[in-house]
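Here's the structure, in structure tokens; my notes come after.
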Amino acid sequence: MIKMVFKGMVIGIANIIPGVSGGTMAVSMGIYDKIIHAATHIVSEFKKSMEILIPILIGAAIGVVALARIIEVMFAKAPFQTNLLFIGLIVGGLPAMARKVRGRTVRGGHILAFLLFFCLVAGLALLGEQEGKAADLSFQFWNVLKLFGVGVVASATMVIPGVSGSMMLMLMGYYTPVLEQVNDFIDNLTKSHVPGILDGCCVLVPFGIGVVVGIFAIAKIVEFIFQRFPDYAYWAIIGLIVSSPVAILLMNPMGGLTVTALLTGVLALAAGVAAALKLGEE
């Protein structure tokens with residue numbers, strides 16, 4: 001239970017950092033298949049699904065709310081080391097994924113799937129170096145529909161390994177506005193400021209509904225692909241994982257490098273790999 005909460009915290013933190021994929025973190029820690037299965041069998045296997053999803057969701061919520069500011073400070077004070085820590089967490093998941101295709105014939109289609117998804121993530125990172133114009137979050141019918149759609153897209157990309165949901169929000173111009181709205185909502189909630197809470201609900205409720213719909217919809221699609229085309233799916237995910245470090249380095253500035261920064265960066269990389277291998281143990 002505690003270990004699953006920690007895994008959820010890693011996924012939650014990853015989902016708020018542009019260039020880092022919560023889905024990739026789930027793969028690295030060996031729980032991606034379990035999450036997809038639990039999400040798609042929540043009715044038929046309710047108790048078993050809840051035993052997996054509840055601690056993951058609790059951990060993810062803790063990671064977003066409680067640790068977001070710590071991660072923000074880490075990126076501000078030691079961006080190079082922090083980037084390498086997350087790269088280590090991603091790289092540490094490659095052995096588990098490589099075992100899925102070991103000993104199997106590598107076909108041209110597998111290589112194509114790898115290259116397509118590698119280029120997809122790297123290309124999105126290049127496009128997302130700067131956030132677009134901030135989105136309009138005023139309470140209007142069209143804006144509510146757009147928030148629902150943005151929630152669907154963001155959550156779907158959070159579920160897909162290698163694709164950063166926060167990066168997609170940034171590309172659509174919703175990353176900073178939504179984060180600010182979340183912070184404002186929490187502040188208004190702690191102060192019991194009812195008008196501010198209602199304003200926040202007008203934005204976060206349609207976005208949240210879209211997130212839930214997106215997660216379950218994409219989970220069904222992912223499960224279908226794994227059942228029908230498992231080898232292609234595994235090679236596509238390997239492409240996504242391999243390209244994720246590239247995306248992180250493109251999306252996040254690292255600052256000036258010194259000998260000390262390089263040494264501590266290597267240590268952070270090693271710590272990330274070790275942590276991913278440990279969290280990936282059954």
Side-chain angles (χ1 to χ4, degrees), residues 1-22 25-26 35 39 50-79 82 85-86 131-155 157-159 164-170 172-216 252:
M1 174 71 174
I2 300 299
K3 192 173 183 179
M4 290 294 280
V5 171
F6 275 113
K7 291 181 179 183
M9 289 171 61
V10 173
I11 293 171
I13 294 170
N15 275 325
I16 61 175
I17 300 174
V20 183
S21 166
M25 293 295 112
I35 293 174
M50 288 297 100
E51 289 176 353
I52 294 172
L53 294 177
I54 288 177
I56 292 294
L57 291 173
I58 291 174
I62 294 173
V64 171
V65 176
L67 298 181
R69 297 191 187 279
I70 296 176
I71 296 297
E72 185 179 6
V73 171
M74 289 173 62
F75 270 103
K77 301 294 184 181
T82 306
L85 173 65
F86 276 96
E131 185 171 5
K133 183 180 179 181
D136 179 14
L137 299 185
S138 60
F139 185 62
Q140 300 176 23
F141 178 74
W142 179 240
N143 286 341
V144 169
L145 288 181
K146 285 196 293 184
L147 281 166
F148 172 80
V150 168
V152 171
V153 172
S155 64
T157 54
M158 289 174 188
V159 173
S164 168
S166 55
M167 182 166 65
M168 292 304 298
L169 284 176
M170 184 173 287
M172 292 183 288
Y174 280 83
Y175 181 70
T176 298
V178 169
L179 278 186
E180 290 176 349
Q181 193 63 236
V182 170
N183 290 330
D184 290 343
F185 180 77
I186 293 172
D187 291 340
N188 288 319
L189 200 61
T190 56
K191 297 175 182 176
S192 298
H193 185 243
V194 176
I197 293 173
L198 293 176
D199 288 341
C201 287
C202 291
V203 173
L204 298 179
V205 169
F207 179 79
I209 294 173
V211 167
V212 173
V213 171
I215 288 175
F216 285 97
N252 298 283

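Computed over heavy atoms, backbone and side chain alike; hydrogens, waters and symmetry mates excluded.
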Nearest non-hydrogen partners of [X] and [Y], listed with the distance:
X: A78; Y: T82; result: O-OG1, 2.7 Å
X: I56; Y: M4; result: CD1-O, 3.5 Å
X: I35; Y: A26; result: CD1-CB, 4.3 Å
X: P206; Y: C201; result: CD-O, 3.6 Å
X: F185; Y: G200; result: CD1-CA, 4.0 Å

Say you draw a straight line from [atom1] of [X] to [atom2] of [Y]; how long is it, rounded to the nearest 0.5 Å?
X: I197; Y: D187; atom1: CD1; atom2: CG; result: 11.0 Å
X: I186; Y: K191; atom1: CD1; atom2: NZ; result: 12.5 Å
X: L147; Y: W142; atom1: CG; atom2: CH2; result: 11.5 Å
X: I52; Y: L57; atom1: CD1; atom2: CG; result: 11.5 Å
X: D199; Y: L204; atom1: CG; atom2: CG; result: 10.5 Å

[X]: which residues meet the side-chain contact (heavy atoms from CB on, under 4.5 Å) condition with it, sequence neighbours left out?
X: A60; result: none
X: F148; result: V152, I209, V213
X: V212; result: F216

Which residues pass the side-chain hydrogen bond (donor to acceptor under 3.5 Å, both in side chains) test with N188, not counting sequence neighbours?
H193
